[in-house]
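Report on the structure given below.
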Amino acid sequence: MPWSLDLVPLPPCALLGGPPLSGLLWTVLLLFLWYCYRVGSDPPSHSGMLKSGSGRSSFSRSSSRFPVDPRHSAPKASAAITMETVEEEEGTESYLTPVLSHAPFPTEAAAESRKLYRALQEYAKRYSWAGMGRIHKGLRTFLNICARINDRPSIQKPHLFYLPDVPSIPFFPRDAHRHDIEVLEASYPIILAEFQAVYQRGIDTKLGWSYQGPKGQTVFPLYNAGVCVASNCRACPCTYRTLLSLRTFISSNSLGSAGFWFLGPGATLGGAYGPTNTRLRCHLGLQTPAQCELVVGGEPQCWSEGHCLLVDDSFLHTISHNGGAEDGPRVIFSVDLWHPNVAAAERQALDYIFAPEQ
């Protein structure tokens with residue numbers, strides 16, 4: 001019997017005397033019903049489940065062609081991921097390609113780098129590889145990056161860990177960490193008062209101070225490489241509570257520190273690089289003579305009392321105090337904050353990888 005629209009039940013609007021549907025609407029309705037029938041009757045395809053980008057895993061191809069002999073035990077799984085990297089079409093690289101790579105960690109890598117890579121593997125085994133693509137790629141390629149940039153002058157050269165695909169500029173705007181900056185600037189009077197109380201007791205290693213860098217630069221740390229310095233925090237209780245109220249303070253791994261940095265007149269810190277590009281160093285000016293200058297990545301800046309600067313210290317930076325004894329020292333409160341483009345999962349993994357040594 002030929003197909004007839006008369007067999008299709010009329011919609012309620014037609015039964016109630018409403019305007020009849022046009023032929024175009026009936027055609028669209030029939031095409032939709034036909035599409036639903038085809039989608040429901042086609043078997044699901046599993047060919048794309050083991051794809052990364054446009055390629056398939058060679059592990060799935062080999063296992064489908066060759067049956068497993070039960071008389072032979074399966075090889076012991078290694079700590080590294082054993083899926084083979086596949087080539088991408090048109091020269092593009094999948095975001096997960098470094099995670100799916102089975103190539104071993106470079107044999108020429110330093111012992112410290114191999115230790116960090118093993119820590120990442122332990123973290124992924126305990127938790128998940130999800131979101132670890134950039135960290136995995138950074139650990140595997142950092143050695144090659146260092147080999148390339150050490151052969152020539154470079155404006156950015158972190159000496160411990162480089163996270164790829166992170167936007168980098170020498171100085172970041174306040175909006176990158178508006179909440180934490182506002183908290184620090186609002187606490188400026190009490191932070192300055194607690195520093196002055198500590199300073200009046202004298203600068204001595206027995207009193208919690210430490211000498212770093214050039215002659216004339218000393219630090220009174222509240223956190224040192226992710227470890228709370230309890231005696232110093234007790235000496236500055238309000239400053240310590242301010243630190244705890246910050247949302248992005250790096251307090252759980254060795255990449256993070258916080259404390260008072262004291263630079264005497266005539267002192268200069270030559271070209272230096274920070275350990276990583278995953279953090280920003282926030283400087284709250286406490287006492288800032290006009291003759292002091294900070295140059296990061298070739299861009300000069302000056303501190304201002306009661307205000308913060310957000311600095312990516314993985315860039316080449318220099319600090320100088322060209323004033324005289326009558327100008328007094330330069331004093332800042334320095335806090336290490338997470339880079340805003342480091343995701344929460346990556347922060348958790350970095351806390352594990354760079355766990356402080358107690």
Side-chain angles (χ1 to χ4, degrees), residues 172-212 217-263 274-276 278-288 294 303-313 328-340 342 344 346-348 350-352 354-358:
F172 274 70
R174 294 169 56 89
D175 290 341
H177 286 302
R178 176 171 293 276
H179 172 270
D180 289 352
I181 286 179
E182 290 178 349
V183 169
L184 287 170
E185 292 180 348
S187 304
Y188 161 72
I190 188 62
I191 294 176
L192 176 61
E194 289 189 336
F195 165 76
Q196 290 173 341
V198 169
Y199 179 63
Q200 288 174 0
R201 295 187 307 175
I203 297 179
D204 194 315
T205 54
K206 296 180 181 179
L207 298 175
W209 291 83
S210 61
Y211 294 91
Q212 294 189 7
Q217 179 173 248
T218 53
V219 180
F220 188 81
L222 302 187
Y223 275 79
N224 185 21
V227 179
C228 177
V229 184
S231 59
N232 291 358
C233 289
R234 284 193 295 268
C236 304
C238 294
T239 304
Y240 172 67
R241 285 194 293 269
T242 300
L243 278 178
L244 297 184
S245 68
L246 302 180
R247 296 175 179 174
T248 58
F249 171 46
I250 304 177
S251 60
S252 302
N253 67 57
S254 59
L255 302 176
S257 298
F260 299 102
W261 288 68
F262 178 100
L263 187 68
T276 180
T278 61
R279 76 180 190 188
L280 297 181
R281 181 153 278 187
C282 181
H283 291 176
L284 173 65
L286 300 182
Q287 183 174 329
T288 58
L294 169 66
W303 295 276
S304 178
E305 295 177 2
H307 298 280
C308 290
L309 279 179
L310 276 180
V311 182
D312 185 346
D313 69 336
R330 182 232 59 180
V331 183
I332 61 170
F333 182 62
S334 176
V335 185
D336 290 333
L337 308 176
W338 284 109
H339 192 291
V342 178
E346 294 173 323
R347 297 179 185 184
Q348 181 178 343
L350 292 173
D351 282 344
Y352 185 91
F354 294 97
E357 297 180 359
Q358 300 287 352

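Both backbone and side-chain heavy atoms feed into the values below; hydrogens, waters and symmetry mates do not. Index from 1, following the sequence.
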Mind checking what makes salt bridge (Lys or Arg N to Asp or Glu O under 4.0 Å) contact with Glu182, not counting sequence neighbours?
Arg178
Determine whether a donor-acceptor pair (N or O, by modelled atom type, separation under 3.5 Å) exists between the side chain of Gln217 and the backbone of Tyr211.
no
Sorted by chain and residue number, the salt bridge (Lys or Arg N to Asp or Glu O under 4.0 Å) partners of Arg174 (sequence neighbours excluded) come out as Glu185
Rounded to the nearest 0.5 Å, the NE2 atom of His339 sits from the CG atom of Asp312 at a distance of 6.0 Å
Checking the side chain of Asp180 only, and the main-chain atoms of Leu246 only, is there a donor and an acceptor separated by less than 3.5 Å?
no
Looking at Phe220 and Cys236, what are the two nearest heavy atoms and their distance?
CE2-SG, 4.1 Å
In residues 224-235, what donor-acceptor pairs under 3.5 Å come from side-chain atoms, sequence neighbours left out?
| residue | atom | partner | partner atom | Å |
| --- | --- | --- | --- | --- |
| Asn232 | ND2 | Gly208 | O | 3.2 |
| Asn232 | ND2 | Pro221 | O | 2.7 |

Phe260: what forms a ring-ring contact (aromatic ring centres under 6.0 Å, His included) with it, not counting sequence neighbours?
Phe195, Phe333
Smallest heavy-atom separation, Gly202 atom then Trp209 atom, equals O-NE1, 3.3 Å
Any chance you could measure Cys282, atom SG, to Ile181, atom CD1, to the nearest 0.5 Å?
5.0 Å
Can you name the ring-ring contact (aromatic ring centres under 6.0 Å, His included) partners of Trp261, sequence neighbours left out?
none
Who pairs with Tyr240 by ring-ring contact (aromatic ring centres under 6.0 Å, His included), at least two apart in sequence or on another chain?
none
Please test Tyr223 against Leu243 for side-chain contact (heavy atoms from CB on, under 4.5 Å), starting from the C-alpha separation and ending with a verdict.
CA-CA 10 Å; Tyr223 275 79; Leu243 278 178; 4.0 Å; yes
Output the distance between atom CH2 (Trp303) and atom NE2 (His283), rounded to the nearest 0.5 Å.
7.0 Å
Between CZ of Phe249 and OG of Ser257, what distance do you get to the nearest 0.5 Å?
7.5 Å
Report the distance from atom CG of Leu337 to atom OG1 of Thr278, rounding to the nearest 0.5 Å.
11.5 Å
Using atom types as modelled and distance alone, determine if a side-chain donor or acceptor of Glu305 lies under 3.5 Å from a backbone N or O of Thr288.
yes
Residues which pass salt bridge (Lys or Arg N to Asp or Glu O under 4.0 Å) with Asp204, listed by chain and number, not counting sequence neighbours
none
Is a side-chain N or O of Thr205 found less than 3.5 angstrom from the main chain of Ser210, in a donor-acceptor match?
no
His177: ring-ring contact (aromatic ring centres under 6.0 Å, His included) partners, not counting sequence neighbours:
none
To the nearest 0.5 Å, tell me how far Leu280 CG sits from Leu309 CG.
12.0 Å
Test: salt bridge (charged side-chain N to carboxylate O under 4.0 Å, His left out). Region: residues 330-339. Which pairs qualify, not counting sequence neighbours?
Arg279-Asp336, Arg281-Asp336
Mind checking side-chain contact (heavy atoms from CB on, under 4.5 Å) for Ser245 and listing every partner two or more places apart, or none if nothing turns up?
Val183, Thr242
Looking at Leu350 and Asn253, what are the two nearest heavy atoms and their distance?
O-CB, 3.9 Å
Just to verify, what does Glu194 make a side chain to side chain donor-acceptor pair (under 3.5 Å) with, not counting sequence neighbours?
Thr239
Would you say the side chain of Leu284 lies within less than 4.5 Å of the side chain of Ile332, judging by non-hydrogen atoms?
no
Mind checking side-chain contact (heavy atoms from CB on, under 4.5 Å) for Ser252 and listing every partner two or more places apart, or none if nothing turns up?
Asp351
